[in-house]
Asks: 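This is the structure, below, for whatever I ask next.
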Amino acid sequence: MKRYDFLKSIVSLFSFRTISDDCGNEYVVFSDSAITSADLKNISDRTEFEALENHVHLLEKVTKKEFENSDEVLDALGTSVLNCLRQKYPDKHFYVYISVDLKDSMIIRFHQKWKNELPYYSDNNFGKSTKLFAFYD
């Protein structure tokens, strides 16, 4: 990835918009998401929808060094994304996750706290080669 494209991808993590379905649910998605309100049909799990729509691969083929030494950076990134969401949508509450899988990928995702729905990662049974960073209010 070219350096400028990498910077653009980082900046895009702080830009959001909303879309609504016919039931009046307002979803928050990354601004560069291609999804529109017209695409929102028969969503039975709002948490899953947002968590899957709002995921970005930060790195692929995570090295052992990246896996072992990324905690401080990922803590700052996750906190920053959550704070940005809080500022833009003060009446909503969010979960932000960063998952890191050794030799696989590093992914950031977010979703709102939806009434009567469990968080996307409600079970933290991950193996030794996976880390999950969770940020929420």
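Both backbone and side-chain heavy atoms feed into the values below; hydrogens, waters and symmetry mates do not. Along the sequence shown, residues carry numbers from 1.
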Asks: Mind listing the side-chain donor-acceptor pairs of residues 21-36 below 3.5 Å, one per line with the distance, residues two or more places apart or on another chain?
Replies:
residue : atom : partner : partner atom : Å
Asp21   : OD1  : Cys23   : N            : 3.0
Asp21   : OD1  : Gly24   : N            : 3.0
Asp21   : OD1  : Asn25   : N            : 2.8
Asp21   : OD2  : Asn25   : ND2          : 3.0
Asp21   : OD2  : Tyr27   : OH           : 3.0
Asn25   : OD1  : Arg46   : NH1          : 3.3
Glu26   : OE1  : Lys92   : NZ           : 2.9
Ser31   : OG   : Ser15   : O            : 3.3
Ser31   : OG   : Ser15   : OG           : 2.8
Ser31   : OG   : Phe16   : N            : 3.0
Ser31   : OG   : Phe16   : O            : 3.1
Ser33   : OG   : Ile35   : N            : 3.2
Ser33   : OG   : Glu53   : OE2          : 2.5
Thr36   : OG1  : Ala38   : N            : 3.4
Thr36   : OG1  : Asp39   : OD2          : 3.2

Asks: Do Leu59 and Phe110 sit in one hydrophobic cluster, given that two such residues count as connected whenever their side-chain heavy atoms are within less than 4.5 Å of each other, even indirectly?
Replies: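 Same cluster: Leu59 reaches Phe110 through Ile, Leu, Val, Met, Phe, Trp or Tyr contacts under 4.5 Å.
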Asks: Write down the atom of Ile107, the atom of Ser105, and the distance for their closest heavy-atom approach.
Replies: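 Closest approach of Ile107 to Ser105, heavy atoms only: CD1-OG, 3.6 Å.
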Asks: Show the nearest heavy-atom pair for residues Thr47 and Leu118, with the distance to one decimal.
Replies: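 In this case the closest contact between Thr47 and Leu118 is CG2-O, 3.5 Å.
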Asks: When rounded to the nearest 0.5 angstrom, what is the spacing between CD in Gln112 and CG in Leu85?
Replies: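 Going from the CD atom of Gln112 to the CG atom of Leu85 covers 9.0 Å.
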Asks: Looking at residues at least two apart in the chain, or sitting in another chain, which of them share a salt bridge (charged side-chain N to carboxylate O under 4.0 Å, His left out) with Glu68?
Replies: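 Salt bridge (charged side-chain N to carboxylate O under 4.0 Å, His left out) list for Glu68, sorted by chain: Lys64.
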Asks: For the residue pair Gly78 and Val96, what are the closest heavy atoms and their distance?
Replies: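 Where Gly78 meets Val96 most closely, the heavy atoms are O-CG1, 4.0 Å.
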Asks: With ring centroids as reference points, do His111 and Tyr97 lie under 6.0 angstrom apart?
Replies: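 They qualify: ring centres under 6.0 Å apart.
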Asks: Which pairs, with at least one residue in residues 70-89 and sequence neighbours excluded, count as a salt bridge (Lys or Arg N to Asp or Glu O under 4.0 Å)?
Replies: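 As it turns out, the salt bridge (Lys or Arg N to Asp or Glu O under 4.0 Å) pairs with a partner in residues 70-89, which skip direct neighbours, are Asp71-Lys131, Arg86-Asp137.
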Asks: My understanding is that only one of Leu74, Ile98, Asn54 makes a side chain to side chain contact (heavy atoms under 4.5 Å, CB included) with Ile108; could you say which?
Replies: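 Between Ile108 and the candidates, side chain to side chain contact (heavy atoms under 4.5 Å, CB included) is satisfied uniquely by Ile98.
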Asks: Tell me the closest heavy-atom pair linking Pro119 and Tyr95, and the distance in Å.
Replies: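 Scanning both residues completely, I find the closest heavy atoms to be CG-OH, 3.3 Å.
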Asks: Begin from the C-alpha positions of Glu50 and Trp114 and carry the test side chain to side chain contact (heavy atoms under 4.5 Å, CB included) through to its verdict.
Replies: CA-CA 10 Å; Glu50 280 187 334; Trp114 291 100; 3.1 Å; yes
Asks: Strictly distance-based, threshold 3.5 Å: is any side-chain N or O of Asp101 a donor or acceptor partner for the main-chain N or O of Asp104?
Replies: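 Pair absent, no side-chain N/O of Asp101 close to backbone of Asp104.
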Asks: As an exercise, state the distance from CG of Leu58 to OG of Ser9, rounded to the nearest 0.5 Å.
Replies: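 Answer rounded to 0.5 Å: 7.5 Å.
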Asks: Should Leu132 and Val73 be regarded as members of a common hydrophobic cluster, given that ILVMFWY residues are connected when their side-chain heavy atoms come within less than 4.5 Å of each other, either directly or indirectly?
Replies: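 Leu132 and Val73: separate clusters.
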Asks: For Ile19 versus Ser37, what's the shortest heavy-atom pair and its separation?
Replies: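 Smallest heavy-atom distance, with atoms named: CB-OG, 3.6 Å.
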Asks: Parallel, tilted or perpendicular, judged at 30° and 60°: which one describes the rings of His57 and His55?
Replies: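 Because their plane-to-plane angle is over 60°, the rings of His57 and His55 count as perpendicular.
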Asks: According to a hydrophobic-cluster definition based on side-chain heavy atoms being under 4.5 Å apart (Ile, Leu, Val, Met, Phe, Trp, Tyr only), do Tyr136 and Leu52 belong together?
Replies: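 Per the 4.5 Å side-chain linkage, Tyr136 and Leu52 are co-clustered.
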Asks: Grab the two heavy atoms, one from Leu77 and one from Phe14, that are nearest each other, plus how far apart they are.
Replies: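 Heavy-atom minimum between the residues: CD1-CZ, 4.0 Å.
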Asks: Same hydrophobic cluster for Phe94 and Phe49, using side-chain heavy-atom links shorter than 4.5 Å among ILVMFWY?
Replies: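 Different clusters: Phe94 never reaches Phe49 through Ile, Leu, Val, Met, Phe, Trp or Tyr contacts under 4.5 Å.
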